[in-house]
> 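Questions regarding the structure given below will be posed in turn.
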Amino acid sequence: MLSKNFIHGEAEALWYDHWLKKGYFSSKPDNREAYTVVIPPPNVTGVLHMGHCLNNTIQDILVRRARMQGKNACWVPGTDHASIATEAKVVAMLRERGIAKSSISRDEFLKYAWEWKEKYGGIILQQLKKMGCGLDWDRTSFTMDPDYSRSVLQVFIDLYKKGYIYRGKRMINWDVRAKTALSDEEVIYKEVQSKLYHVQYKIDDDSNTYITIATVRPETILGDTAICVNPQDERYKHLHGKYAIVPLIGRRIPIIADDYVTMDFGTGALKVTPAHDMNDYQLGQKYKLEIVDTMNDDGTMSEAAQLFIGEDRLDVRKKIVPQLEAAGHLVKTEDYTNQVGFSERTDAVVEPRLSLQWWVSMKNISVPALEAVMNEGIHFHPAKFKNLYRHWMENIKDWCISRQLWWGHRIPAWYAPDGSFVVAISREEAFEQFKSDHVKVSIEEIRQDDDCLDTWFSSWLWPFEVFKGLSNPGNAAVKYYYPTSTLVTAPEIIFFWVARMIMAGYEYMDEKPFKDVYFTGIVRDKLGRKMSKSLGNSPDLLALIDQYGADAVRFGIMIASPAGNDILFDESALEQGRNFNNKIWNALKLVKMWEGRQAQATEDTAYNFVLTWFENRLNQVKAEVNELMTQFRLSEALKTLYSLIWDDFCSWYLEWVKPGFEQPIDAVVYEKTVQYFEELVQLLHPFMPFITEEIYHQLKERTDDLCVKQYSKPADADALVLSEGQLLKQVISALRDARNKNQVKPKDSIQLHIQTTNKAGYEAIENILAKQVNAASVQYTADAVANSIVVAVEKDRFFIESEKQIDADALKTELLKDLEYQQKFLESVAKKLGNERFVQNAKPEVVELERKKQADALARIKTIEESLQHL
RNA sequence: GGGAGCAUAGCUCAGCUGGUUUAGAGCAUCUGCCUUACAAGCAGAGGGUCCGCGGUUCGAACCCGUGUGCUCCCA
């Protein structure tokens with residue numbers, strides 16, 4: 001006895017375990033075509049959220065489908081080490097145990113970090129299993145695995161030798177909380193309500209003259225080393241070459257003139273703080289200005305600031321204003337909205353800071369990567385992201401890859417006491433290099449760079465290093481699986497990751513890392529807000545899976561998510577998924593009821609019609625789905641299957657073949673029904689793996705599994721058969737509508753009279769038609785039937801006789817409405833055909849089509865008019 | 001400031017190369033049904049200035065221009 005509804009929890013645990021045991025997800029190179037997907041490695045600190053859910057559902061769909069298409073599908077799981085995020089977690093863990101990071105050594109810290117990683121690092125991968133993701137768990141990778149780590153360092157050394165990596169003191173984005181440099185991509189700009197302070201600086205040689213600047217960061221005044229004006233600006237021409245005095249600290253700074261300054265912003269006079277502003281730094285270089293670094297690495301004011309030493313720069317911003325005012329320097333304050341950079345990982349306000357860091361020069365390495373995407377060596381879905389990619393690649397800046405952290409790949413640069421350095425894989429090799437460079441140093445004196453590499457500097461090797469493409473070059477796995485097939489990722493990491501993977505792929509494998517890139521949308525809440533921890537609007541995914549089932553969650557997230565479009569997540573979509581589960585489950589219950597009630601073949605030809613129709617419909621949809629999947633239109637494919645199963649199979653097919661209450665079913669019909677059902681769940685399997693596998697096994701006792709059942713090539717669908725099925729549906733709906741409108745109760749039977757030129761066609765399906773519209777009898781007539789409800793479908797007319805008194809007026813209104821519609825339609829067609837230029841210019845088949853439309857409309861109008869006469 | 005994208009039913013979205021489109025789904029709404037698979041359901045219905053304006057074309061939701069509004073990216 002089957003349960004009332006589909007019980008998802010049991011099926012999920014049972015089948016995932018079964019698939020694993022059977023080893024369906026583990027792949028070894030063979031002579032089949034490979035279909036390879038590498039997971040975008042989630043952050044090792046991560047837990048599953050809606051973004052992962054979408055992303056991994058898509059990957060699972062692609063991988064499962066490829067597997068069922070006979071490809072050797074391999075989906076590689078893993079995580080990245082997430083320097084900043086993990087280090088923050090470890091520091092927090094230590095704090096709870098009363099240990100300060102500063103009190104322990106680097107090695108001790110790393111021991112704790114590994115402890116943390118072993119304990120919490122795999123959570124997200126376990127959660128993916130709950131979603132049904134068919135990953136090859138034996139291949140689970142981590143960006144700090146020993147081989148992987150060595151490859152990362154090797155790449156650093158190699159790029160250094162090629163001259164792509166250099167060390168330089170430049171302005172960088174400084175995260176004061178994590179106390180590390182960030183790359184440009186790790187800074188998130190947000191609009192912030194600020195104040196614009198107008199501050200006047202006294203001119204040095206004339207006690208009565210001032211120059212007024214405007215700033216949102218008054219605390220940086222302490223680091224000012226110039227004031228800059230536009231050379232064209234008449235207001236300040238007399239001040240060129242003079243000096244001003246910095247308020248509160250009395251530093252004497254030059255007034256310089258440069259086109260960089262816009263005359264219409266603020267006062268037209270710009271204070272220049274080379275140590276704390278990107279643009280000011282450029283000016284500083286150009287005019288050889290003094291650089292006064294007023295900030296410590298934790299964001300507090302340094303000795304060089306002279307005032308507020310040791311206080312946080314944001315506090316100082318508030319404190320300095322009254323002092324400026326008291327000293328008579330504050331002219332006015334206005335409200336001002338500006339963009340402020342925040343750290344992606346710690347949300348701290350990022351400070352521009354001058355710092356010695358390691359950089360990758362991107363100019364040369366990016367060239368093949370840009371070309372590959374532009375000339376479709378790599379396909380982006382949707383293609384609109386090509387623009388974004390090109391724009392970034394053409395304006396690419398050097399990549400700051402050093403991070404002032406311990407957790408990660410320690411930079412293989414080694415320093416001698418005299419400050420000279422070499423890049424080498426080990427202390428010993430560094431020592432040898434120093435020797436050949438004639439640097440006098442003992443091996444003990446050599447000091448390794450304290451910093452780690454940006455996490456993305458390791459994950460850009462992911463598509464080949466998960467197959468040890470670099471640590472074990474040319475091995476069988478990398479030869480077989482690389483380049484991978486499809487990368488599924490979020491558009492927000494197109495630069496962080498996608499672009500750089502393509503660069504690394506060409507640089508180290510001499511080949512693209514993947515053929516297609518599918519960009520998912522961003523999952524937002526119902527109100528269109530991005531899901532975030534701080535808003536608390538991201539639902540607990542595991543709770544949702546518990547509540548609705550993994551299949552329903554997968555359905556809900558996929559049903560309205562075309563590639564690259566954001567999706568507004570709404571639980572009602574999950575409900576729809578759950579309802580779909582139940583619909584399928586109930587269809588199963590119905591079919592199982594017939595299993596023991598089979599009878600020898602009956603004479604009824606109606607069933608032949610139904611079986612042929614559904615078979616053709618199935619073939620039609622198979623072809624459609626193939627086409628949609630090739631175009632990566634996954635949600636369209638799912639919608640198509642949803643409608644095939646719910647509407648065509650459940651609402652029409654099953655109703656048509658359903659025997660009367662406790663009546664036997666034709667054995668052939670039963671066999672076919674089971675076969676169709678199997679094909680349906682097979683098509684749906686990649687989207688909803690659990691329920692489909694369950695149904696597959698419920699339908700019949702069997703030893704194989706749906707998970708690896710191979711798709712067969714669809715046969716061509718017969719258009720005539722499809723249109724006959726379509727007509728039958730149309731007739732049934734029209735008759736039901738007529739019954740409804742005339743308030744004939746569902747239980748009241750009717751007598752149906754058909755006026756048609758295709759009597760044989762209707763006779764073949766008479767039983768079905770009668771059952772579907774609750775007709776006690778079906779007769780054929782040459783003339784109109786008096787005192788009946790008239791329904792016209794195409795060229796045929798139907799007369800409904802019933803006990804119910806006919807509302808002739810209502811009927812007439814209906815017919816007139818239809819008549820008007822048809823006449824307007826005819827008019828629009830006639831207008832086209834009456835236009836000589838249309839007939840001349842349009843394609844012949846288009847004209848032919850319009851002629852057919854005209855003829856059909858005329859026929860329908862005739863039918864309706866005749867019906868009206870008989871009322 | 002520079003660039004990109006989007007605007008279609010109450011909501012979320014399809015609509016591919018301009019012609020079976022006086023525009024389709026799903027959800028929501030309304031009407032009638034507890035019809036022996038399913039009320040988490042069945043049967044049916046209503047609902048549209050395809051953002052405004054102009055142009056190209058025999059023909060425009062679709063192409064071009066322009067305006068408006070929203071979103072994103074870069075600085």
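What you are looking at is a predicted structure, and each value in this text was computed from that prediction instead of being measured. Quick note on labels: first sequence line is chain A, next is B, and so on, each numbered from 1.
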> Going by number, which of residues 579-597 of chain A have a non-hydrogen atom under 4.0 Å from RNA chain B?
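Per residue number, the list reads A:N579, A:N582, A:K583, A:N586, A:A587, A:K589, A:L590, A:M593.
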> Using a cut-off of less than 4.0 Å, is there contact between a side-chain N or O of A:K384 and OP1 or OP2 of B:G3?
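Looking at the OP1 and OP2 atoms of B:G3, neither is under 4.0 Å from any side-chain N or O of A:K384.
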> Quick one: which of B:A37, B:C13, B:C58 gets closest to the side chain of A:R837?
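Comparing B:A37, B:C13, B:C58 against the side chain of A:R837, the answer is B:C58.
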> Each nucleotide in nucleotides 27-33 of chain B should get exactly one letter: B, S or -. Can you fill that in based on protein heavy atoms under 4.0 Å?
-----SS
> Using the ring pair (Phe, Tyr, Trp, His ring centres under 6.0 Å) rule, take A:Y548 and A:F555 through it: C-alpha gap first, then chi angles, then the decisive distance, then the call.
CA-CA 10 Å; A:Y548 294 97; A:F555 177 96; over 10 Å; no
> Could you tell me whether A:R739 contacts a base, only the sugar-phosphate backbone, or nothing, with contacts defined as non-hydrogen atoms closer than 4.0 Å?
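Nothing, no nucleic acid heavy atom in range.
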> For A:R736, answer base if it contacts any base atom (sugar-phosphate contacts may also be present), sugar-phosphate if it contacts only those atoms, and nothing otherwise; contact means non-hydrogen atoms under 4.0 Å.
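Answer is sugar-phosphate: A:R736 comes under 4.0 Å of backbone atoms only.
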> For A:Q823, answer base if it contacts any base atom (sugar-phosphate contacts may also be present), sugar-phosphate if it contacts only those atoms, and nothing otherwise; contact means non-hydrogen atoms under 4.0 Å.
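Contact class for A:Q823: none.
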> When Watson-Crick pairs (N1 to N3 and N6-O4 or O6-N4) and G-U wobble pairs (N1-O2 and O6-N3) count only below 3.5 Å on both distances, what is the dot-bracket string of RNA chain B, with | for other-strand pairs?
(((((((..((((.....[....)))).(((((.......))))).....(((((..]....)))))))))))).
> Would you say the side chains of A:K589 and A:N586 form a donor-acceptor pair under 3.5 Å?
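Side-chain D/A pair, A:K589 to A:N586: present.
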> Name the closest nucleotide to the A:K852 side chain, picking from B:C16, B:G5, B:U20.
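Selected nucleotide (nearest to the side chain): B:U20.
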> Considering only side-chain heavy atoms of A:K639, which listed nucleotide, B:G5, B:A40, B:C13, is closest?
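The listed nucleotide nearest to A:K639's side chain is B:C13.
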> In the structure I gave you, are the side-chain heavy atoms of A:F614 and A:D648 within less than 4.5 Å of one another anywhere?
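When only atoms from C-beta onward are counted, A:D648 and A:F614 do touch, with a gap below 4.5 Å.
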> Counting any heavy atom closer than 4.0 Å, what does A:L849 reach on the DNA or RNA strands: base, sugar-phosphate only, or nothing?
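It contacts base atoms.
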> Please state whether the phosphate of B:G44, meaning OP1 or OP2, lies under 4.0 angstrom from any side-chain nitrogen or oxygen of A:S733.
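A:S733 to B:G44 OP1/OP2: side-chain N or O found under 4.0 Å.
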> Heavy atoms only, 4.0 Å cut-off, all strands: where does A:K386 land among base, sugar-phosphate and nothing?
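Nothing: the residue A:K386, judged by heavy atoms under 4.0 Å, touches no strand.
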> Assess, by modelled atom type and distance only, whether the side chains of A:D647 and A:S643 contain a donor and an acceptor separated by less than 3.5 Å.
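Yes.
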> Would you say A:K658 reaches B:U35's phosphate, i.e. side-chain N/O to OP1/OP2 under 4.0 Å?
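Negative; the distance criterion is not met.
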> Among B:A40, B:U20, B:G19, which nucleotide sits nearest the side chain of A:A842?
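Closest nucleotide among those given: B:G19.
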> Measuring centre to centre across the rings, with the benzene-like ring taken for any Trp, is A:W456 within less than 6.0 Å of A:F496?
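Between A:W456 and A:F496, the centre distance is under 6.0 Å.
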> Assert yes or no for the condition that the ring centre distance of A:F649 to A:F677 is strictly below 6.0 Å.
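Yes, the ring of A:F649 comes within the 6.0 Å limit of the ring of A:F677, centre to centre.
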> Verify whether the ring centers belonging to A:F380 and A:F385 lie closer than 6.0 Å.
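They do not qualify: ring centres at least 6.0 Å apart.
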> RNA chain B: A:R524 or A:E850, which has the more 5' nearest nucleotide?
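Closer to the 5' end of RNA chain B: A:E850.
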> Quick one: label A:N841 by what it contacts on the DNA or RNA (base, sugar-phosphate, nothing), any heavy atom closer than 4.0 Å.
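Touches a base.
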> For A:K824 and A:E636, find the nucleotide of RNA chain B closest to each by heavy atoms; which residue's nucleotide sits nearer the 5' end?
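So the residue in question is A:E636.
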> May I have the distance from A:R633 (atom CZ) to B:A25 (atom C1'), rounded to whole angstrom?
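Result: 13 Å.
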> Is any side-chain N of the basic residue among A:E595 and A:K700 closer than 4.0 Å to the acidic one's carboxylate O?
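Judged by the 4.0 Å cut-off on N to carboxylate O distance, A:E595 and A:K700 do not form a salt bridge.
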> Which atoms form the tightest heavy-atom contact between A:P491 and A:F519, and what is the distance?
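Looking at all heavy atoms of both residues, the shortest contact is CA-CD2, 3.7 Å.
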> Starting from the C-alpha separation in whole Å, work towards a yes-or-no answer on salt bridge (charged side-chain N to carboxylate O under 4.0 Å, His left out) for A:K771 and A:E655.
CA-CA 9 Å; A:K771 186 169 67 180; A:E655 292 298 335; over 6 Å; no
> Looking at every strand, decide which applies to A:S651 at a 4.0 Å heavy-atom threshold: base, sugar-phosphate, or nothing.
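A:S651: backbone/sugar contact only, no base atoms under 4.0 Å.
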